[in-house]
Amino acid sequence: MPALVLLGAQWGDEGKGKATDLLGGSVDYVVRYQGGNNAGHTVVVGDQKYALHLLPSGILSPGCTPVIGNGVVVDPSVLLSELSGLNERGVDTSKLLISGNAHIITPYNVTVDKVTERFLGKRKIGTTGRGIGPTYADKINRVGIRVQDLYDESILTQKVEAALDVKNQILTKLYNRRAIAVGQVVEELLGYAEKLEPYVADTVLILNQALEENKVVLFEGGQGTLLDIDHGTYPFVTSSNPTAGGACTGAGVGPTKISRVIGILKAYTTRVGSGPFPTELFDEDGEALRRIGGERGVTTGRDRRCGWFDAVIARYATRVNGLTDFFLTKLDVLTGWEQIPVCVAYEIDGKRVEELPYSQTDFHHAKPVYEMLPGWQEDITKAKTFADLPKNAQNYVKALEEMSGAPISAIGVGPGRDETIEINSFL
Ligand code: GDP
Ligand code: IMO
Ligand code: MG
């Protein structure tokens, strides 16, 4: 069973970085397949904390080859500074592979992201402002710049010209901004070419050959299921496919190769940016979850919106991703509540609804139907096995598993590598 996908089952920030790092030591390749530096994946190793944005979390495991797949959007300046930051901390990054087909986040994509958000005012998406949406828009409009274009100055110039032809009209006439000079963009991009060259590779070929040799490949999702452009809470989503199918298109690997899909699931719910969130709390409990869980964005530093666990969402994630397992994270954060509400269904316009409604209007009207589960007071951060957990914590996990539709195979009880209870092995 060589290929596994590990992805966010909610709205991102579920603890994908920690989970990936945990498996990093036992896999041969860790591949990012979508998104870009909108992601912020935290890995804690001993007393060291790393915040990764573009690099796959496998980069911290010496035996593992990190790969940036064709479906990722790459901001070269961010990538280079992330690499040098890790090098300064003694991490070897020389094995990194970057797909020549990955699209580049250009400076004008970042500008367009920021000005469109400003223009939207209170209807804004609350993007990370990293140029993600505009870069994927250029890809789909067939005016994108790819990593391989950095190695042909004439093609690069033609493509930047074509992209800026339209964008400068929009920037100057609609948004009242200054036009961006083609030459300046080309010069900046060419400045990255030589530094990136050692990493650029035919990642599709390499990954498929690795799979033929029975090597273990782990696909690390960015964002989460409900931020998926097709399956998320559109339009309050990111512009890529974090769901399992995205791993196939974003890395060039067929679905027949994937044997396990692991959903990372927080024991409560958080969301950054705008959009519906039925279990969101605006009271002391929400404040407590934010404080105890350290719920502040790794990329933008924004406070995360917090709420109780939503089983409707978890069931939906099981379905659209074909999840085989869950990795339940941050159970320790829930220690100390007398009772913990869990959303088991929604009430929409007076009717009880068990599954996520496909209609945006209905979802905006969804009110959580809660079931109260008894809490626990004991510190669980030292628990090593399921049996070490207090009875009520065990029951909370079992109840979530039953409602969510896939086995919970691991439980996080702290941010560190070893603060994990393994129930079923992933490999
Ligand atoms: P990602 O984007 O999915 O990788 O998640 P983030 O790194 O943005 O946010 C998850 C946060 O929770 C990070 O600060 C992690 O160090 C932390 N974390 C992960 N798993 C656990 C856990 O089981 N317990 C606690 N207390 N923290 C965790
Ligand atoms: P990780 O990988 C949480 C959210 C943004 C915004 C929406 C669109 O750390 O889980 P974008 O910049 O992607 O166009 O913004 O998506 N968002 C995330 N929220 N975790 C992330 O990544 C996110 N990446 C994007 O806040 O609402
Ligand atoms: Mg994150």
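Just follow the structure's listing: the first ligand is 1, and inside any ligand the first atom is 1. Predicted model, so just to flag it, every value in this text is computed and none were measured.
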Q: State whether the number of non-hydrogen atoms from other residues, nucleotides or ligands found under 6.0 Å of Lys95 atom NZ is greater than 12.
A: yes
Q. Does Lys266 reach the side chain of Glu295, with side-chain heavy atoms less than 4.5 Å apart?
A. yes
Q: Could you see which bit of Ile264 sits under 4.0 Å from ligand 1, with heavy atoms only: side chain, backbone, both or neither?
A: neither
Q: Show your reasoning for whether side chain to side chain contact (heavy atoms under 4.5 Å, CB included) applies to Trp376 and Thr335.
A: CA-CA 6 Å; Trp376 59 92; Thr335 300; 2.9 Å; yes
Q | Residue, atom name and distance, where the atom is the protein heavy atom closest to atom 10 (C) of ligand 1 | A | Asp13 O, 3.8 Å
Q: Nearest heavy atom to atom 3 (O) of ligand 1 wins, so pick from Arg296, Lys16, Arg304, Gln10.
A: Lys16
(Q) Contact between Tyr192 and Leu79 at the side-chain level, heavy atoms closer than 4.5 Å - yes or no? (A) no
Q: Would you indicate which of Glu419, His53, Lys330 comes nearest to atom 28 (C) of ligand 1 when only heavy atoms are counted?
A: Lys330
Q | Spacing of His41 atom NE2 and Glu220 atom CD [to the nearest 0.5 Å] | A | 5.5 Å
(Q) Between Arg89 (side chain only) and Tyr50 (backbone N and O only), is there a donor and an acceptor less than 3.5 Å apart? (A) no
Q. At under 4.0 Å between heavy atoms, which part of Arg271 makes contact with ligand 2: side chain, backbone, both or neither?
A. neither
(Q) Taking a cutoff of less than 4.0 Å between a non-hydrogen atom of the residue and any ligand atom, is Gly40 in contact with ligand 1? (A) yes
**Q.** Atoms of ligand 1 close to Gly412 [distance to a heavy atom under 4.0 angstrom, numbered from 1]
**A.** 23 (O)
(Q) Applying salt bridge (charged side-chain N to carboxylate O under 4.0 Å, His left out) to Asp13 and Arg304, what does each step give before you reach the verdict? (A) CA-CA 9 Å; Asp13 303 324; Arg304 294 175 180 154; 3.1 Å; yes
Q. What do we get for Val298 next to ligand 1 when only non-hydrogen atoms under 4.0 Å count, side chain, backbone, both or neither?
A. side chain
**Q.** Gly8 heavy atom under 4.0 Å from ligand 2
**A.** no
Q. Do we see a donor-acceptor contact under 3.5 Å between the side chains of Thr300 and Arg302?
A. yes
(Q) Judged on heavy-atom distance to atom 17 (N) of ligand 2, which of Leu227, Asn38, Asp13, Leu52 sits nearest? (A) Leu227
**Q.** Gap separating the CZ atom of Arg260 from the CG atom of Leu427, nearest 0.5 angstrom
**A.** 7.5 Å
Q) Would you say Ala39 reaches the Mg ion (ligand 3) with an N/O/S atom under 2.8 Å? A) no
(Q) Heavy-atom count check: over 12 atoms from other residues, nucleotides or ligands less than 6.0 Å from Gln184 CD? (A) no
Q: Report yes or no: does a heavy atom of Thr270 sit under 4.0 Å from some atom of ligand 2?
A: no
Q. Of the protein's non-hydrogen atoms, which lies at the shortest distance from atom 15 (O) of ligand 2, and what is that distance?
A. Thr127 CA, 3.3 Å
Q. Contact between Arg130 and ligand 2, counting heavy atoms under 4.0 Å?
A. no
Q: Answer side chain, backbone, both or neither: which part of Asp113 comes under 4.0 Å from ligand 2, heavy atoms only.
A: neither
Q. Within a strict 4.5 Å, meaning less than it, do heavy atoms of the Pro107 and Ile180 side chains meet?
A. no
(Q) Would Val44 count as being in polar contact with ligand 1, using the rule that some N or O on each side must be under 3.5 angstrom apart? (A) no
Q) Does Lys18 approach ligand 1 within less than 4.0 angstrom via side chain, backbone, both or neither, non-hydrogen atoms only? A) side chain
Q: From the options Thr299, Asp332, Val272, select the one whose nearest heavy atom is closest to atom 26 (N) of ligand 1.
A: Asp332
Q) Counting each atom of ligand 2 from 1 as listed, which ones have a heavy atom of Trp11 under 4.0 Å away? A) 3 (C), 19 (N)
Q: Any atoms of ligand 2 less than 4.0 Å from a non-hydrogen atom of Gly222? List them with their elements.
A: 2 (O)
Q: Would you mind running through ligand 2 and noting each atom that sits below 4.0 Å from a heavy atom of Gly40?
A: 1 (P), 9 (O)
Q. At what distance is the nearest protein heavy atom to atom 26 (O) of ligand 2, and which residue and atom is it?
A. Arg302 NH2, 3.0 Å
**Q.** Salt-bridge criterion met for Arg271 and Glu280 (N-O under 4.0 Å)
**A.** no
**Q.** Identity and distance of the protein heavy atom lying nearest atom 25 (C) of ligand 2
**A.** Gln223 CG, 3.7 Å
Q) Any N or O on Gly12 sitting closer than 3.5 Å to an N or O of ligand 1? A) no
Q) Are Lys398 and Glu401 ion-paired here, with the side-chain N under 4.0 Å from a carboxylate O? A) no
Q) Between Phe236 and ligand 2, which residue portion shows a heavy-atom distance shorter than 4.0 Å: side chain, backbone, both, or neither? A) neither
**Q.** Passing option when Pro134 is tested against Asn141, Val112, Val115 for side-chain contact (heavy atoms from CB on, under 4.5 Å)
**A.** Val112
**Q.** Atom of Asp13 nearest the Mg ion (ligand 3) (restricted to N/O/S, atom name only)
**A.** OD1
(Q) Against Ile380, only a single residue in Ile411, Leu389, Ile421 fulfils side-chain contact (heavy atoms from CB on, under 4.5 Å); can you say which? (A) Leu389
Q) Side chains of Asn87 and Thr93: do they bring a donor and an acceptor to under 3.5 Å? A) yes
**Q.** Atoms of ligand 1, numbered as shown, that sit under 4.0 Å from any heavy atom of Gly17
**A.** 4 (O)
Q. Got the closest protein heavy atom to atom 22 (C) of ligand 1, with its distance?
A. Gly414 O, 3.2 Å
Q: Check each heavy atom of Lys16 against ligand 2 and say whether those closer than 4.0 Å belong to the side chain, the backbone, both or neither.
A: side chain
Q. CD/Gln34 to CG/Leu7 distance, rounded to the nearest 0.5 angstrom?
A. 9.0 Å
Q.
Give the atom numbers and elements of ligand 2 that come within less than 4.0 Å of a heavy atom of Gly12.
A. 10 (O), 20 (N)
Q.
Heavy-atom contact check, 4.0 Å cutoff: does Gly126 meet ligand 2?
A. yes
Q) Which residue supplies the protein heavy atom nearest to atom 15 (C) of ligand 1, what is that atom called, and how far is it? A) Thr42 CB, 3.9 Å
